[in-house]
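Following: one structure in structure tokens, then a few remarks.
Each ligand, and each atom within it, is numbered from 1 in the order the structure gives. Residue indices begin at 1 and follow the sequence shown. Note that this is a predicted model, so its numbers are computed, not measured.
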Amino acid sequence: MKKIVVGITGASGSIYAKRMIEVLVEQGILVHVIATDTGKKVFNYELSLNLEDWITEMQQQYSNLKLEDNNNLFAGVASGSYGFDAVIILPCSMGTMAEISHGLSSNLLCRAADVALKESRPLIIVPRETPLNTIHLENMCRLSKVGATIIPAMPGFYHHPQTMDDLINFVVGKILSYLKIKHELFKKWEDTKYED
Ligand SMILES: Cc1cc2nc3c(=O)[nH]c(=O)nc-3n(C[C@H](O)[C@H](O)[C@H](O)COP(=O)(O)O)c2cc1C
């Protein structure tokens, strides 16, 4: 069974994390969710949903979903030997990105990201901030240089989205495609004839 860590921080865009978790558990992937304190608050604020309650509800249907304690550095995902396949942090705040880019592992989420980098496993950072200052840009650059993949929460419009769901699915689908996980969240771009 594949094991994926999904990190949720206090950046805007909790809906992306919710959709990602739904899609991964449906595929039978073991999902370890780690939320920061602000991540839980923003999730609640943006989705009018308590993260713990929602996970408990999801667990009625899916046994392959686990909510980790961000303060528990004794968790399996804190170690390289646990052997998770990837870490996806979405949405990723500039604060968490700064911590990871400087090698700080003071909570479970940053530790799992650090483990992914040291073990050369995919670390996908989905930053959400605008405008970006030079510190943000430099931190993205630092992470990219050490092997992380930056997939900004930046939906495209060439697939003619009709709903907010289409926009969310586009970003989530891009991450899944990168990890070579099959999905039908958006139609693949094919040879297209453009006419004026
Ligand atoms: C409603 C709300 C939206 C926020 N949106 C963003 C955002 O899009 N990007 C960001 O970097 N920080 C955002 N923040 C600020 C972060 O939550 C804050 O920097 C926090 O300390 C991040 O901590 P964490 O990385 O431990 O979750 C937002 C805060 C709130 C309350």
Side-chain angles (χ1 to χ4, degrees), residues 4-21 24 31-55 65-75 77-78 84 86-118 122-157 161 164-175:
I4 293 187
V5 177
V6 175
I8 306 174
T9 73
S12 182
S14 318
I15 188 77
Y16 291 117
K18 181 171 178 279
R19 178 62 41 80
M20 176 61 79
I21 294 165
L24 293 177
V31 179
H32 295 265
V33 177
I34 311 174
T36 64
D37 287 344
T38 321
K40 288 180 195 170
K41 286 182 189 162
V42 174
F43 191 96
N44 197 332
Y45 182 75
E46 291 191 336
L47 304 176
S48 302
L49 206 55
N50 176 285
L51 179 69
E52 278 106 345
D53 291 349
W54 178 69
I55 297 265
L65 177 61
K66 194 173 174 198
L67 181 62
E68 303 284 355
D69 173 357
N70 197 26
N71 294 313
N72 179 20
L73 273 302
F74 285 82
V77 297
F84 58 70
V87 176
I88 306 167
I89 306 185
L90 88 160
C92 186
S93 70
M94 298 304 103
T96 289
M97 193 172 70
E99 288 194 35
I100 299 167
S101 71
H102 286 79
L104 303 179
S105 300
S106 56
N107 60 42
L108 186 61
L109 179 55
C110 292
R111 170 64 186 166
D114 199 54
V115 168
L117 291 175
K118 83 183 174 76
L123 167 62
I124 296 174
I125 303 280
V126 184
R128 213 307 319 171
E129 187 49 282
T130 192
L132 294 162
N133 66 35
T134 307
I135 297 170
H136 302 152
L137 293 166
E138 282 180 357
N139 285 337
M140 278 187 222
C141 202
R142 284 171 73 92
L143 284 168
S144 173
K145 278 182 187 162
V146 293
T149 301
I150 312 290
I151 303 185
M154 248 184 219
F157 290 85
M164 201 165 100
D165 261 7
D166 293 341
L167 298 171
I168 295 153
N169 286 342
F170 182 90
V171 171
V172 171
K174 278 278 173 188
I175 299 163

Practice task
Return yes when at least one protein heavy atom is under 4.0 Å from atom 19 (O) of ligand 1, and no when none is.
Solution key: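 No, no protein heavy atom sits under 4.0 Å from atom 19 (O) of ligand 1.
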Problem - Protein contact for atom 7 (C) of ligand 1 (heavy atom, distance under 4.0 Å) - result: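 It does: a protein heavy atom is found less than 4.0 Å away from atom 7 (C) of ligand 1.
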Problem - Intermediate values then yes/no, side chain to side chain contact (heavy atoms under 4.5 Å, CB included), I100 and L104 - result: CA-CA 6 Å; I100 299 167; L104 303 179; over 6 Å; no
Identify, by atom number and element, the atoms of ligand 1 in contact range of [X], meaning under 4.0 Å from any of its heavy atoms.
X: M94; result: 10 (C), 11 (O)
X: E129; result: 7 (C), 9 (N), 10 (C), 11 (O), 12 (N)
X: T9; result: 25 (O), 27 (O)

What residue and atom, counting heavy atoms only, is the protein's closest point to [atom], and at what distance?
atom: atom 9 (N) of ligand 1; result: R128 O, 2.6 Å
atom: atom 13 (C) of ligand 1; result: G10 O, 3.5 Å
atom: atom 2 (C) of ligand 1; result: V42 CG2, 3.9 Å
atom: atom 23 (O) of ligand 1; result: T38 OG1, 3.9 Å
atom: atom 5 (N) of ligand 1; result: S12 N, 3.2 Å
atom: atom 22 (C) of ligand 1; result: S93 OG, 3.7 Å

Handout entry: Student check: side-chain heavy atoms of V87 and I124 closer than 4.5 Å
Key =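 Of all side-chain heavy-atom pairs linking I124 with V87, none is under 4.5 Å.
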Problem - Any P127 side-chain heavy atom under 4.5 Å of M94 side chain - result: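 Yes - at least one pair of side-chain heavy atoms lies under 4.5 Å apart.
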Exercise for the section: Determine, step by step, whether F84 and V115 satisfy the side chain to side chain contact (heavy atoms under 4.5 Å, CB included) criterion, reporting the C-alpha distance in whole Å, the side-chain angles of both residues, the deciding distance to 0.1 Å, and the verdict. Expected result: CA-CA 10 Å; F84 58 70; V115 168; 3.7 Å; yes
Exercise for the section: Determine whether the side chain, the backbone, both or neither of T96 has a heavy atom under 4.0 Å from any heavy atom of ligand 1. Expected result: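 Contact part for T96 vs ligand 1: both backbone and side chain.
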Exercise for the section: For atom 27 (O) of ligand 1, state which one of I8, T36, D37 supplies the nearest heavy atom. Expected result: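 Going through I8, T36, D37 one by one, T36 has the nearest heavy atom to atom 27 (O) of ligand 1.
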Exercise for the section: From the options L143, V126, I135, select the one residue that forms a side chain to side chain contact (heavy atoms under 4.5 Å, CB included) with M97. Expected result: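 For M97, the side chain to side chain contact (heavy atoms under 4.5 Å, CB included) test succeeds with only one of L143, V126, I135, which is L143.
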Exercise for the section: Going by the side chain to side chain contact (heavy atoms under 4.5 Å, CB included) test, name the single residue among T9, L67, V77, N107 that passes it with I34. Expected result: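 Of the listed options, the one satisfying the test is V77.
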Handout entry: Donor-acceptor under 3.5 Å (R128 side chain, G13 main chain)
Key =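 Judged by distance alone, no pair lies under 3.5 Å.
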Exercise for the section: Using modelled atom types only, decide if a donor and an acceptor are shared between the side chain of H102 and the backbone of A98 within a distance under 3.5 Å. Expected result: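 Checked: pair present.
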Handout entry: Closest approach of P155 to L167 (non-hydrogen atoms, all atoms of both residues)
Key =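 Closest pair (atom of P155, atom of L167, distance): CB-O, 3.8 Å.
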